[in-house]
Amino acid sequence: MADNGGTEGAARVADVLLAFLDGPRSLGVSAIARELDLSKAVVHRILQTLVQRGLLTADAGTREYRLGPAAAALGARALRGLDLRKVALPVLRSLQEVTGETTTVSARVPGGRVYLDQVESRQEIKMTVEIGRRFPLHAGSSSTCILAFLPDDEIGAVLGGPLDLLTDRTIADAGDLRRRIEEIRHRGHACSDGERQAGAGSVAAPIFGFDGSVLGAISVCGPAARVDAAARDRFVPFLISAADRISRDMGWRGGLPATKGRVSA
């Protein structure tokens, strides 16, 4: 019984920390309590403990909290230890050279995906991404090409959940998204024209682990006026080759894993 209580308490602490992955950079007690369906008293106690450990900092003026130096150190240490990031970085550099645009690598995480790293375009007007922030799987090229190669039950969970409009071009209909997934499975890459971020164009390809499970994605992205449909088509061969190289370095035999032709409803 004590063990169950300890596990529940640890889960609450973890959930409070994870709340800072999405949305505003700072959060108050009430906002966290509503999001996690916890009492304000419980949330306040957890926040005080995390502040004492340096994982959060408190702003006396706004009475809000944000991630602290210890959380930043943990994040940096985790990034240094991620094999996917290490393997992908030299490939991203080469891909940036050949395309001239920003290249990124993302990893699948519970509830979405996060950018692990990027190699920025050398052009004056360019796109950059926010490292470490969690993004949903239904919008954008990196997200949807990860989504397309997840197991059907996980895809179903995403399709059955909220499909929020991030821009006026986000696909927010489950049926339309299901058809998009089938297309990505067939082509082996995904394109986006302002679906996640207005004014941005991108194309992405999935990265697989030794067992064929999708680990993440790499993308080429930039201003939509420059990374238009014609540019994305030019980038695809380079992108597919780069993604395949990373997947092989992660232990995969190469190519796309076998998937069913249609996504189950």
Side-chain angles (χ1 to χ4, degrees), residues 18 21 74-99 101-120 128-155 157-158 180-192 196 202-221 232 235-260 263:
L18 290 173
L21 282 178
L74 281 173
R77 179 63 185 87
L79 286 176
R80 289 198 301 272
L82 283 175
D83 288 341
L84 176 55
R85 178 176 176 268
K86 289 180 179 179
V87 169
L89 192 53
V91 181
L92 292 185
R93 292 192 182 108
S94 298
L95 187 60
Q96 191 282 320
E97 289 287 342
V98 75
T99 63
E101 300 294 345
T102 296
T103 56
T104 77
V105 59
S106 296
R108 169 82 165 104
V109 297
R113 56 103 186 172
V114 299
Y115 288 110
L116 296 179
D117 213 337
Q118 64 184 322
V119 177
E120 294 183 14
T128 61
V129 300
E130 187 174 348
I131 306 299
R133 179 181 175 185
R134 183 168 55 188
F135 293 100
L137 292 179
H138 71 281
S141 61
S142 291
S143 289
T144 53
C145 79
I146 292 172
L147 176 64
F149 291 93
L150 289 176
D152 280 356
D153 59 337
E154 295 185 41
I155 294 175
V158 173
R180 171 80 174 280
I181 288 169
E182 292 166 2
E183 179 182 293
I184 295 168
R185 284 182 169 185
H186 176 71
R187 294 185 175 182
H189 68 274
C191 294
S192 173
R196 184 188 66 78
S202 65
V203 57
I207 297 168
F208 303 101
F210 72 95
D211 59 353
S213 61
V214 63
L215 300 178
I218 60 169
S219 79
V220 181
C221 56
R232 293 193 293 267
F235 296 159
V236 165
F238 303 111
L239 180 72
I240 295 295
S241 176
D244 188 68
R245 176 180 163 189
I246 296 170
S247 294
R248 289 178 184 274
D249 286 345
M250 296 299 292
W252 178 236
R253 63 176 181 270
L256 296 176
T259 57
K260 298 176 181 178
V263 181

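Throughout, residue positions are numbered sequentially from 1 according to the sequence presented.
With salt bridges taken as basic N to acidic carboxylate O contacts below 4.0 Å, one links Glu183 and Arg187. Using a 4.0 Å cut-off between charged side-chain N and carboxylate O, Arg85 and Asp249 make no salt bridge.
A donor-acceptor contact shorter than 3.5 Å links the side chain of Gln118 to the backbone of Val129. Judged by distance alone, with hydrogens and angles left aside, the side-chain atoms of Arg185 form a donor-acceptor pair with the main-chain N or O of Ala148 at under 3.5 Å. A distance-only check finds a donor-acceptor pair linking the side chain of Thr144 to the backbone of Gly140 [under 3.5 Å]. A distance-only check finds a donor-acceptor pair linking the side chain of Ser143 to the backbone of Pro136 [under 3.5 Å]. No donor-acceptor distance shorter than 3.5 angstrom exists from the side chain of Ser213 to the backbone of Gly209, with no hydrogens or angles considered.
Partners of Arg248 under the salt bridge (Lys or Arg N to Asp or Glu O under 4.0 Å) rule, at least two apart in sequence or in another chain, are Asp244. Scanning for side-chain hydrogen bond (donor to acceptor under 3.5 Å, both in side chains) contacts around Arg134 gives Asp22, with sequence neighbours left out.
Across all their heavy atoms, Asp211 and Trp252 have their closest contact at C-CZ3, 3.9 Å. Pairing each heavy atom of Thr103 with each of Leu92, the nearest pair is OG1-O, 3.0 Å.
When side chains are defined from C-beta on, Glu154 counts as touching Pro151, because their heavy atoms get closer than 4.5 Å. In this structure, Leu95 and Val119 have side chains that are not in contact, with every pair of non-hydrogen atoms separated by 4.5 Å or more. Side-chain contact between Leu150 and Leu137: present, with at least one pair of heavy atoms (C-beta onward) separated by less than 4.5 Å.
Here CD1 of Ile184 is found 7.5 Å from CG of Leu147. Values are rounded to the nearest 0.5 Å. Interatomic distance, SG of Cys191 versus CZ of Arg180, reported as 7.5 Å (0.5 Å rounding). The line from OG of Ser106 to CD1 of Ile131 is 8.0 Å long, rounded to the nearest 0.5 Å. To the nearest 0.5 Å, atoms CZ (Phe149) and CD1 (Ile207) are separated by 12.5 Å. Here Ile155 contributes atom CD1 and His138 contributes atom NE2; the two are 15.0 Å apart, rounded to the nearest 0.5 Å.
A donor atom on one side chain and an acceptor atom on the other are not found under 3.5 Å apart for Ser141 and Ser192.
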Next on the checklist: Before you tell me yes or no, could you show the steps for Thr104 and Ser219 under side chain to side chain donor-acceptor pair (under 3.5 Å), namely the whole-Å CA-CA distance, both residues' side-chain angles and the distance that decides it to 0.1 Å?
Outcome noted: CA-CA 5 Å; Thr104 77; Ser219 79; 2.6 Å; yes
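Judged by a 6.0 Å distance limit and a 45° cone about the ring axis, Arg196 is positioned over the six-membered ring of Phe135.
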